[in-house]
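So you know, we letter chains A, B, ... as the sequences are listed, proteins then strands, and number each from 1.
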There are 2 protein chains.
Amino acid sequence: MAVWCEALLFMASRAQLIAEIIRPALAANEVVITDRFLLSTVVYQGHAGGLDPNELWSVGRIAASGLEPDLSLVLDVPVELSGARRNRPADRFESRPLDYQARVRQGFLAEAARRPDRIQVIDAAGSVEHVQQAIRLAVRKQLSAKDQ
Amino acid sequence: MAVWCEALLFMASRAQLIAEIIRPALAANEVVITDRFLLSTVVYQGHAGGLDPNELWSVGRIAASGLEPDLSLVLDVPVELSGARRNRPADRFESRPLDYQARVRQGFLAEAARRPDRIQVIDAAGSVEHVQQAIRLAVRKQLSAKDQ
């Protein structure tokens with residue numbers, strides 16, 4: 001599949017999710033938690049897939065009518081550890097070679113470095129309790145900042 | 001379906017068509033003729049569907065890596081005539097109400113007025129021979145302009 005085709009399919013599914021689920025939930029004043037959003041497309045099809053990350057941000061922002069997460073958490077582990085931890089068959093991205101996985105990781109870290117206010121890296125190499133603690137801290141900080 | 005979802009699905013299919021068919025054909029110096037391209041998305045999901053036509057142009061141009069037809073021909077007939085001529089069941093766009101069809105027509109005419117160098121309106125109310133003659137003329141002019 002052409003990489004732009006893949007990127008646009010992810011964006012199409014996200015546009016539908018926004019219209020059907022996310023906008024109504026935000027309108028009802030709910031907190032919305034999603035597993036992956038535009039950042040993933042910027043990293044997988046951009047940094048790792050060869051498209052221009054800035055073009056993906058531009059297209060994705062317009063397609064999402066400017067809707068953007070207040071906070072994205074990147075659960076970071078070394079590539080080898082992430083493979084070793086997987087307890088199910090690899091999907092079509094996970095089954096790509098290690099250098100692709102390394103570009104994915106570097107892409108997430110690069111985007112987090114560019115936008116530290118919106119993207120936070122959580123060290124996920126430790127225990128479940130340790131990771132959970134770090135996530136709680138980051139989310140609590142974000143929520144109290146929103147309250148002010 | 002959310003209109004942005006629909007627009008992005010059309011763009012995804014077009015990105016694949018570009019990578020798989022159009023770019024190789026252009027590289028082999030062939031003339032490429034397609035039935036509909038980005039202009040249709042700008043009109044159906046933009047002018048008629050409520051999205052911003054300029055946003056659709058921007059997103060679509062990036063997604064097509066800047067590839068744009070040298071010439072688009074709009075075969076124009078009054079909305080009522082187009083319905084009367086149809087000799088098969090209406091698709092999901094054709095079965096929408098007349099005011100939607102009218103916005104589609106006005107959208108095509110507005111885009112042609114904005115970009116007369118690239119989009120030409122062909123009066124298609126006449127006979128097949130008449131329409132074919134007008135198309136031949138427009139295409140011949142375009143091809144000889146390219147040769148120079």
Same cluster or not: [X] versus [Y], using hydrophobic residues (I, L, V, M, F, W, Y) connected whenever any side-chain heavy atoms lie under 4.5 Å apart?
| X | Y | value |
| --- | --- | --- |
| A:Leu38 | A:Ile22 | yes |
| B:Val131 | B:Leu73 | yes |
| B:Val42 | B:Ile119 | yes |
| B:Val43 | B:Leu71 | no |

Atom pair CD1 (A:Ile62) and CG (B:Leu51), whose distance is rounded to the nearest 0.5 Å: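 Output value for this atom pair is 11.0 Å.
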Going by the ring pair (Phe, Tyr, Trp, His ring centres under 6.0 Å) test, which pairs reach into residues 7-40 of chain B, not counting sequence neighbours?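 Those involving residues 7-40 of chain B do not exist here.
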Testing the basics here: between B:Ala15 and A:Ala2, what is the closest heavy-atom pair and its distance to 0.1 Å?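 Minimum heavy-atom separation between B:Ala15 and A:Ala2: O-CB, 4.1 Å.
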On a heavy-atom basis, which atom in B:Cys5 and which in A:Ala12 lie closest, and how many Å separate them?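 That closest heavy-atom pairing would be SG-O, 3.3 Å.
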Taking 3.5 Å as the threshold, show me the donor-acceptor pairs across chain A and chain B, one per line with distances to 0.1 Å.
| residue | atom | partner | partner atom | Å |
| --- | --- | --- | --- | --- |
| A:Ala2 | N | B:Gln16 | OE1 | 2.7 |
| A:Gln16 | OE1 | B:Ala2 | N | 2.7 |

Through direct or indirect side-chain contacts below 4.5 angstrom among Ile, Leu, Val, Met, Phe, Trp and Tyr, which residues connect to A:Met1?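 Via sub-4.5 Å side-chain contacts, A:Met1 links to A:Leu9, B:Met1, B:Leu9.
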Checking A:Ala134 now: which residues fulfil side chain to side chain contact (heavy atoms under 4.5 Å, CB included) with it, not counting sequence neighbours?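 Scan of A:Ala134 (side chain to side chain contact (heavy atoms under 4.5 Å, CB included), adjacent residues dropped) gives A:Ile122.
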